[in-house]
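Sending over a structure as structure tokens; questions will come in a sec.
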Amino acid sequence: MILARIATEHFRNLAPGAIEFHPAANLIVGRNGQGKTNLLEAIYFLATSKSFRTTRLASLFRFGATTLFAGGAVVRDGLERSISAGLEWGETRKRVLLVNGERAALSAYVTALTVFAYSSARLAILRGAPEERRRFLDRGIASVDPSYLDTLARYGRVLRQRNALLQRIATGEATTSSLDLWDEEFVSAAAPVHRARAAYATELAATFGTIVAEHGYHVGGMTMTYRGAGDEEALRAKLSQLRRAEIRARTSLAGPQRDTLEFLVDGRAAEEVLSGGEMKMIVLFLKFAKIALYRSRTGESPLFLLDDLDAELDHDILQRLLLRLPPATQVFATSAKERFLQGLEAGPHRRLVIESGRVTARSDLP
């Protein structure tokens, strides 16, 4: 799949108008604060309706704007189709996703364009809150199985309804026995989330380990372990054990919303023993492992966004990783230090100079 062009309106500092892309590599250069990362973020938003930098979608809007739009042309199997994502952020909040001009549900929309992104913000995978790690797993699962988004949405609805019931029980508005039926609904909704996360984490850990070993990276003792509530029987028993505590807390204390993904190096938390540069390399390896899994499941190459490649990355390994990407992989990269883009400049590429949110120059090496 190839993103041929993108156009945005009111997206951060990006100027309106279409930007055309090279089917192989696109190197986005410019001084700091000119919009390099914003352009990558717009591509990610177009593909997912989300940001790879923040969970606060309100921050994507140009100052004073209440609407935001990103539209693009995707070429897949020789056919071009249009996709677009729009947000309205005023008294009412609305999201509109279109494929070839027709409304699409999120689970269908995200199949049109698959994107993986690497940036320094992704270090939260290792040193951030458990919620960040759960999102990391969920994004990977959804990339190979978009129906998982519906599974997550169902679980989210059941979780909110069960928590509301726990509130009513705590205030005497409902009986404790009314939890019985909701516990079964909760277990039924939680089980497929747990199975999907456990299976994906196992596959990803194996692929990650293989890639690290192939490149001889010195952090070779890292393990990735998913710890969830368990299967239906285990979760059912846990809920029974925690019932009184949950009523006191007025919230669910077990389930996928409390799952953890552990990254350990020789038995110690990775964020406690790795340097900043080592963490960046580990996250980069994880991204390449996700791409490998995606290709093995779908036979296609996703878009790969590399934001702000810097001196803390192992330059030699980075170059080898980039050279081993399948030829069909479309890459978008930014860096304040252009030597980190040299591996991509060796092949066909387009160089885009961005200034004040507007592409001011373009040059191609076919």
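As a basis for the values below, the full set of heavy atoms in this structure was taken, side chains included, without hydrogen atoms, waters or symmetry mates.
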Could you tell me whether R197 and D138 have a side-chain N and a carboxylate O separated by less than 4.0 Å? yes
Salt bridge (Lys or Arg N to Asp or Glu O under 4.0 Å) between R134 and E131, worked out: CA-CA 5 Å; R134 289 191 291 270; E131 182 182 5; 5.4 Å; no
Compare every heavy atom of A201 with every heavy atom of L261, then report the nearest pair and how far apart it is. CD1-CB, 4.4 Å
I'd like to know whether the aromatic ring centres of Y44 and F52 sit less than 6.0 Å apart in this structure. yes
Donor-acceptor pairs under 3.5 angstrom involving side-chain atoms of residues 26-33: please list them, not counting sequence neighbours.
unit_1 : atom_1 : unit_2 : atom_2 : d
N26    : OD1    : H22    : N      : 2.7
N26    : ND2    : H22    : O      : 2.9

Report the C-alpha separation of D307 and T37 in whole Å, then their side-chain angles, then the decisive distance to 0.1 Å, and conclude whether the side chain to side chain donor-acceptor pair (under 3.5 Å) test is met. CA-CA 6 Å; D307 184 42; T37 296; 2.7 Å; yes
Linking I/L/V/M/F/W/Y whenever their side-chain heavy atoms sit closer than 4.5 Å, directly or via other members, would I317 and V331 fall into one cluster? yes
Do the side chain of Q34 and the main chain of S356 share a donor and acceptor less than 3.5 angstrom apart? yes
Can you tell if the side chain of L322 reaches within under 4.5 Å of the side chain of Q319, non-hydrogen atoms only? yes
Quick test of your reading: applying side chain to side chain donor-acceptor pair (under 3.5 Å), list the pairs with at least one residue in residues 100-115, sequence neighbours left out, ordered by first then second residue. S107-D150, T114-Y294
Do R93 and E88 meet the salt-bridge criterion of a basic N to acidic O distance under 4.0 Å? no
So does R236 pair up with E184, basic N to acidic O under 4.0 Å? yes
Side chains of T175 and S177: any donor to acceptor distance under 3.5 Å? yes
Quick one, R195 with D231, criterion side-chain contact (heavy atoms from CB on, under 4.5 Å). Give me CA distance, side-chain angles, the key distance, then yes/no. CA-CA 8 Å; R195 286 194 296 269; D231 59 16; over 6 Å; no
Aromatic ring centroids of Y200 and Y226 under 6.0 Å? no
For the residue pair F11 and F69, is the inter-centroid distance of their aromatic rings smaller than 6.0 Å? no
Just so I know, are the side chains of S49 and L97 near enough to count as touching, which here means a heavy-atom distance under 4.5 Å? yes
Evaluate side-chain contact (heavy atoms from CB on, under 4.5 Å) for L3 paired with L46, printing each intermediate quantity in order. CA-CA 10 Å; L3 179 62; L46 175 65; 3.9 Å; yes
A side-chain contact here means heavy atoms from C-beta on lying under 4.5 Å apart; do V219 and V212 qualify? no
Closest non-hydrogen atom pair, S252 against E246: CA-OE2, 3.3 Å
State yes or no: are the ring centers of F304 and F332 separated by less than 6.0 Å? no
Any non-hydrogen side-chain atom of L204 less than 4.5 Å from a side-chain atom of L293? yes
Are any of the side-chain heavy atoms of L318 and D314 separated by less than 4.5 Å? no
Tell me whether the NZ or CZ atom of K290 lies within the 45° cone about the ring axis of F136 and under 6.0 Å from its centre. yes
Flag side-chain contact, heavy atom, 4.5 Å: F116 against R139: no
Sub-4.5 Å side-chain heavy-atom contact between P16 and T8: no
Carboxylate-amine/guanidinium proximity below 4.0 Å for D183 and R243: yes
Test: E300 and R76 ion pair at under 4.0 Å: yes
Does anything in residues 352-365 form a salt bridge (charged side-chain N to carboxylate O under 4.0 Å, His left out)? List the pairs, not counting sequence neighbours. R350-D364
Which is it for T360 and I354 under the side-chain contact (heavy atoms from CB on, under 4.5 Å) test, yes or no, and what are the steps along the way? CA-CA 6 Å; T360 59; I354 192 164; over 6 Å; no
Kindly work out whether a path of hydrophobic side-chain contacts (I/L/V/M/F/W/Y, heavy atoms less than 4.5 Å apart) joins F288 to Y217. yes
Hey, does M1 have a side-chain heavy atom less than 4.5 Å from the side chain of L113? yes
Strictly below 4.0 Å, N to O, side chains only: are E41 and K36 in salt-bridge contact? no
